[in-house]
S.K.: 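For reference, the structure I am asking about is given below.
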Amino acid sequence: MDTSVNNVVAQSQALSQAQTAQQAQMKIFKEALDTQQQQVTALLESASANPQLAGDGSVGTQINTYA
């Protein structure tokens with residue numbers, strides 16, 4: 001009887017530890033996704049900005065040289 005009780009307790013502890021580890025992994029995964037989202041948003045915002053032609057000088061006043 002003691003052996004079966006000990007096995008149940010050991011399995012319960014192992015499942016609890018596995019659940020805690022899984023929660024930590026999910027938290028790190030979500031943080032990584034949030035970071036990627038911020039980076040992609042910043043990249044898309046910088047790519048969608050329309051560069052203006054130069055206002056003075058002889059270069060870049062007629063043709064967009066950024067393209």
Side-chain angles (χ1 to χ4, degrees):
M1 185 90 166
D2 287 336
T3 305
S4 63
V5 171
N6 289 339
N7 287 339
V8 169
V9 170
Q11 288 178 352
S12 174
Q13 288 176 338
L15 288 174
S16 177
Q17 289 174 350
Q19 184 180 18
T20 302
Q22 186 179 25
Q23 288 173 345
Q25 290 172 349
M26 288 301 294
K27 183 178 179 182
I28 292 170
F29 179 64
K30 287 179 182 179
E31 288 175 1
L33 287 178
D34 289 342
T35 301
Q36 286 182 349
Q37 178 188 9
Q38 292 170 355
Q39 291 173 346
V40 168
T41 301
L43 179 63
L44 289 175
E45 287 176 357
S46 69
S48 66
N50 293 330
Q52 301 296 317
L53 294 174
D56 59 351
S58 61
V59 178
T61 58
Q62 301 297 316
I63 299 174
N64 183 352
T65 57
Y66 294 107

S.K.: With a cut-off of 3.5 Å and sequence neighbours excluded, list every side-chain donor-acceptor pair involving residues 33-44.
M.R.:
unit_1	atom_1	unit_2	atom_2	d
Thr35	OG1	Glu31	O	2.9
Thr41	OG1	Gln37	O	2.8

S.K.: Contact between Gln23 and Gln19 at the side-chain level, heavy atoms closer than 4.5 Å - yes or no?
M.R.: yes
S.K.: Any donor-acceptor pair under 3.5 Å linking the side chain of Ser16 with the backbone of Ser12?
M.R.: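 No; judged by distance alone, with no hydrogens or angles, the pair does not exist.
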S.K.: Tell me which one of Val5, Asn6, Asn7 satisfies side chain to side chain contact (heavy atoms under 4.5 Å, CB included) with Thr3.
M.R.: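 Answer to the side chain to side chain contact (heavy atoms under 4.5 Å, CB included) test with Thr3 among Val5, Asn6, Asn7: Asn7.
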